[in-house]
Amino acid sequence: MHKPLKVKVRMDFRGVGKPGRFIFGGKQSDKAAEDIREQQVAVFRNVPIQGIHVEDIDVSAEVYTVRDEVTNNEVAYAPVVLMIRAENLEDVVRFIARDDFRKIEIIDPPNLSLSKYDVERLLFRVAEEMRVYRSLLDRKYNSR
């Protein structure tokens, strides 16, 4: 049995501002990003994920904004850093396959040794997550 992994994962949740009708009802992009971050943090805290234990959630990083080159609109990102303990490397793949994934740091163990079988399982899991992601994109953009 392998020693569990301790991993730090950073995700930046995207928020796009919505123009209001007349004077009221608009939503700033930074507020939208904060709202999405709050929703996702609630999911990480309350919904169990097989093979994963969320040890800490850091939401202290400031929301930042950038200009989207495609739409030329301001887009805000709300960062979250998760400290997770994973039973194995394949369990971490679900975090890095997300659109909001930005960075990963393996805290423990300091060295990893993967057997041929471990690499095959890891690559299979990556391919599986990519299929799921493509399926979600197909449904999102082809159902319009």
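Predicted model, so just to flag it, every value in this text is computed and none were measured.
Atom CD1 of I57 is separated from atom CE of M11 by 9.0 Å, given to the nearest 0.5 angstrom. Atoms CZ and CG, from F13 and D35 in turn, are 13.0 Å apart once rounded to the nearest 0.5 Å.
Cluster partners of V81: none. The rule joins Ile, Leu, Val, Met, Phe, Trp and Tyr whenever side-chain heavy atoms lie under 4.5 Å apart, and it links nothing here.
Cluster membership for I104 and V59, using ILVMFWY side-chain heavy atoms within less than 4.5 angstrom, is shared. Placement of L82 and I107 in two distinct hydrophobic clusters is found when ILVMFWY residues are connected by side-chain heavy-atom separations under 4.5 Å, directly or transitively. Tracing side-chain contacts under 4.5 Å through hydrophobic residues (I, L, V, M, F, W, Y), one reaches L5 starting from I52; they form part of the same cluster. F95 and Y133 are assigned to two separate hydrophobic clusters, defined by single-linkage of ILVMFWY side chains at heavy-atom distances under 4.5 Å. Grouping the Ile, Leu, Val, Met, Phe, Trp and Tyr side chains by contacts below 4.5 angstrom, directly or via other members, places L112 with V126.
Under the side chain to side chain donor-acceptor pair (under 3.5 Å) criterion, R98 pairs with Q40, D100, not counting sequence neighbours. With sequence neighbours left out, the side chain to side chain donor-acceptor pair (under 3.5 Å) criterion links E90 to R121. Looking at residues two or more places apart in sequence or on another chain, you find a side chain to side chain donor-acceptor pair (under 3.5 Å) between E55 and R85. Here N73 pairs with nothing under the side chain to side chain donor-acceptor pair (under 3.5 Å) rule; sequence neighbours left out.
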Step-by-step side-chain hydrogen bond (donor to acceptor under 3.5 Å, both in side chains) determination, D118 to S115: CA-CA 5 Å; D118 291 334; S115 70; 3.3 Å; yes
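Of all the heavy atoms in R125 and V93, the pair that sits closest is CG-CB, 3.9 Å.
A distance-only check finds a donor-acceptor pair linking the side chain of N88 to the backbone of D91 [under 3.5 Å].
V41 is listed as a side-chain neighbour of V80, based on a closest heavy-atom distance under 4.5 Å. Taking 4.5 Å as the limit, some side-chain heavy atom of L89 sits within range of a side-chain heavy atom of L114.
Residue pairs that meet the side chain to side chain donor-acceptor pair (under 3.5 Å) test with at least one member in residues 5-15, sequence neighbours left out, are R10-D12, D12-Y64, R14-D68, R14-Y77.
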